[in-house]
Amino acid sequence: MSSFVFAALEPEEFDEFGKTSPQGNFQQTSRMGLLRAKHGSQVKYFGVKSGEKIVAAAAMEFRKARSGTKCSICDGPLCDLNNAELTEFFFSNLKKAVKEQKAVSLEITPETVYCKRDSNGEQIGEKNNGIVENLANAGFVHTGFTKGYTAVPRWRYVKDVSQFADEKQLLKSYDKRTQWSVKRSRSMGVKIRELSLDELEIFSNIEEQTAQRRGFKARNAQYFRDFALCFKDKVHYVVAYVDCAEFLEQSRAKMLETEEKVRKIREKIQNRETTKLVRALGEEERNLQAAKRRFDEAQKLAEQSKGQSKELFSGQARDYRDSQCDSQRSSQTSLQSGIVTVAASMFVEHPREVVYLFSGSIEEYKSFYGPVLIQHWAMENLCLKNRIGRYNFYGISGVFDDPDDEGRGVLEFKQGFGGYVEELAGEFEMPVRPLLYKVSQAAGKILG
């Protein structure tokens, strides 16, 4: 039997272990611990050592509720759950730690793949039933292999970007429609920029609008500000925007250029008509109609953007240090004159991966394909340039065969970038104080 030692860990040594752990993720970091503490939870760090080396660790969140104190390990623990001996030792000691905090139960959502699948949900390789068995032997009850959206996503869409040398190779790995959307967005003058701390109201307002449109509950502006202050340079709030003046000028130039092509072809046809010239004229006339529509759209957008404030793109540095900001500032008054934001996303960086965590978009500007361009920007700038080989699109519903499923649009959007699916093991719960646990379960149902 291995000589394991259970010990409390300092946040710094916990983070060092998490950087190289196969299960490492942003939820299991001291930065996330700070965020949870800001919101009223108590966080403790424990681990298992073999000699001087840490071989397993967990950030444990204790939160009080009317139905009793509960403990959870979100996206953890950082432990090889296929190792039955290590699993049993770790959780037998964690159970004691939970009891000492007078919690009634321990909930975990392991960052361990139960089944790897291709982009369409077809199984690849064998299912990892060993982890379910090992956790059952350690005293856990599995809540099941669920589908649908959960607080900690059980189904995730992931892309391996370690194989791409540059942005061009990355772009070619997408399906044709997504490649076209990236190019289309660029051609319409869409640009990407990170927000600074005092600009986060822009992001939260877009997120709120999207939540109202799609029927989910959004986080508030204070949550995003707290996240930024805790994660600092490891979180990125990104907007896609259009410089209306530039878009209008580009559209005008394209229209005039195409008009000139049409004029020259017509002159040639007057001198000598050929099948080739007639075909060329038809193609350029169609291009001209498209260019005119683009110009009309640019004029309309420029008109809509008049009178807006010049604060957003003033060249200030991105800075998530704790500074004063006017939390009442609205997104509308934070836009530069001639600038419209079309989409926004939030990304969290970890040595193992970059996670696409939150996003929102403005429905009336969907023709600019801002969300697609933001994803491409994130993979290029946060993964390729930082040599992080894993891009995690995060949650999907796990339903692949129902075109009417609520998550169908999200699934198809993510599939367009090319990747694979990780089905995680799900949620497990251990009643630490069985009698109090039953009482708390009953109370929870009564209190809703």
Side-chain angles (χ1 to χ4, degrees), residues 164-193 238-308 313 335-343 361-381 384 409 412-413 415-418:
F164 306 117
D166 53 37
E167 180 268 342
K168 290 182 179 179
Q169 288 185 10
L170 176 66
L171 182 61
K172 287 181 180 179
S173 71
Y174 309 157
D175 68 20
K176 296 298 182 183
R177 175 68 184 179
T178 303
Q179 289 183 43
W180 179 88
S181 298
V182 170
K183 295 173 183 177
R184 173 77 168 178
S185 186
R186 285 171 168 169
S187 74
M188 296 181 77
V190 180
K191 299 179 181 180
I192 305 296
R193 182 187 183 275
V238 178
V239 291
Y241 70 95
V242 179
D243 183 323
C244 298
E246 183 178 313
F247 180 39
L248 182 61
E249 184 56 36
Q250 288 177 346
S251 300
R252 179 186 287 110
K254 183 65 175 178
M255 182 178 66
L256 294 176
E257 177 188 345
T258 310
E259 282 180 342
E260 182 64 13
K261 287 182 179 179
V262 169
R263 186 189 66 77
K264 288 182 177 180
I265 294 174
R266 284 174 176 168
E267 285 183 353
K268 290 180 179 180
I269 288 177
Q270 285 180 350
N271 294 330
R272 184 170 178 270
E273 182 176 325
T274 66
T275 301
K276 183 177 180 180
L277 284 173
V278 170
R279 287 176 179 172
L281 178 61
E283 181 179 351
E284 290 302 333
E285 285 179 335
R286 289 189 292 274
N287 290 340
L288 179 58
Q289 291 301 313
K292 287 180 177 179
R293 288 194 296 271
R294 177 77 63 85
F295 178 66
D296 290 342
E297 186 176 2
Q299 282 186 310
K300 182 180 178 181
L301 196 66
E303 186 66 28
Q304 290 175 343
S305 70
K306 284 182 179 179
Q308 294 173 341
F313 300 102
L335 294 172
Q336 182 184 9
S337 179
I339 296 291
V340 294
T341 50
V342 300
S361 61
I362 306 300
E363 183 70 10
E364 62 183 298
Y365 300 136
K366 63 182 181 181
S367 62
F368 286 91
Y369 300 97
V372 180
L373 189 61
I374 287 178
Q375 294 298 316
H376 182 65
W377 177 92
M379 280 183 268
E380 177 189 2
N381 289 276
L384 296 190
E412 291 179 346
F413 174 79
Q415 285 175 322
F417 294 93

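For clarity, every value in this text was computed on a predicted model and none was experimentally measured. Note: hydrogens, waters and symmetry copies are ignored here, and every other heavy atom, side chains too, is used.
Within the 6.0 Å centre-distance limit, the rings of Phe368 and Phe247 are counted as a close aromatic pair.
You'll find the side chain of Arg184 reaches within 4.5 Å of the side chain of Ser187, heavy atoms only. Looking only at side-chain heavy atoms (C-beta outward), Arg294 and Met188 come within less than 4.5 Å of each other. Counting heavy atoms from C-beta outward, Glu249 and Arg252 have side chains that approach closer than 4.5 Å. The closest side-chain heavy-atom distance from Ile362 to Val342 is not below 4.5 Å. Here the side chains of Leu373 and Ile192 are in contact, with some heavy-atom distance below 4.5 Å.
Crowding of Arg263 atom CZ: a count of heavy atoms from other residues, nucleotides or ligands under 6.0 Å exceeding 12.
Counting all heavy atoms, side chain and backbone alike, Gly370 lies closest to Ala343 at C-CB, 4.0 Å. Between Val238 and Ile374, the shortest heavy-atom distance links the atoms O-CD1, 4.1 Å. Taking every heavy atom of both residues into account, Leu301 and Tyr365 meet most closely at CD1-CE2, 3.4 Å. Scanning all heavy atoms of the two residues, the minimum distance from Tyr369 to Ser185 falls at O-OG, 3.5 Å. Contact between Thr258 and Ala291 at its shortest, heavy atoms only, is OG1-CB, 4.4 Å. Considering all non-hydrogen atoms of both residues, Glu259 and Leu288 come closest at CG-CD1, 3.3 Å.
Partners of Tyr174 according to the ring-ring contact (aromatic ring centres under 6.0 Å, His included) rule, which considers only residues two or more places apart in sequence or in another chain, are His376, Phe417. For Arg266, the salt bridge (Lys or Arg N to Asp or Glu O under 4.0 Å) test picks out Glu285, with sequence neighbours left out.
A salt bridge between Glu283 and Arg286 is absent, with no side-chain N of the basic residue lying under 4.0 Å from a carboxylate O of the acidic one. Contact check on Arg186 versus Glu167 returns a salt bridge, with a Lys/Arg side-chain nitrogen under 4.0 Å from an Asp/Glu carboxylate oxygen.
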- Trace of the side chain to side chain contact (heavy atoms under 4.5 Å, CB included) decision for Val372 with Gln375: CA-CA 5 Å; Val372 180; Gln375 294 298 316; 5.9 Å; no
- Kindly determine whether Trp377 and Glu380 satisfy side chain to side chain contact (heavy atoms under 4.5 Å, CB included), including the steps that lead there. CA-CA 5 Å; Trp377 177 92; Glu380 177 189 2; 5.6 Å; no
- Query: Hey, mind stepping through Glu267 and Lys264 against salt bridge (charged side-chain N to carboxylate O under 4.0 Å, His left out) and telling me if it holds?
  - Reply: CA-CA 5 Å; Glu267 285 183 353; Lys264 288 182 177 180; over 6 Å; no
- Task: Verify side chain to side chain contact (heavy atoms under 4.5 Å, CB included) between Asp243 and Ile339, making sure each step is shown before the conclusion.
- Result: CA-CA 5 Å; Asp243 183 323; Ile339 296 291; 3.9 Å; yes
- Task: Take Lys183 and Leu171 through the side chain to side chain contact (heavy atoms under 4.5 Å, CB included) test and state the conclusion after the steps.
- Result: CA-CA 10 Å; Lys183 295 173 183 177; Leu171 182 61; 3.9 Å; yes
- Task: Test Lys191 against Glu246 for salt bridge (charged side-chain N to carboxylate O under 4.0 Å, His left out), laying out the working first.
- Result: CA-CA 11 Å; Lys191 299 179 181 180; Glu246 183 178 313; 2.8 Å; yes
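Separation of atoms CG (Leu248) and NZ (Lys300) is listed at 14.5 Å; rounding is to 0.5 Å. A distance of 12.5 Å separates NZ in Lys292 from CG in Asn287, rounded to the nearest 0.5 Å. Going from atom NZ of Lys276 over to atom CZ of Arg279 covers 10.5 Å, rounded to the nearest 0.5 Å. Note that CE of Met379 and OG of Ser173 are 7.0 Å apart. Values are rounded to the nearest 0.5 Å. The line from CZ of Phe164 to CG of Leu170 is 6.0 Å long, rounded to the nearest 0.5 Å. Distance check: Leu256 CG to Lys261 NZ gives 12.5 Å after rounding to the nearest 0.5 Å.
With 3.5 Å as the limit, one finds a donor-acceptor pair spanning the side chains of Ser367 and Glu297.
Without hydrogens or angle criteria, Thr178 side chain to Gly416 main chain gives a donor-acceptor distance under 3.5 Å.
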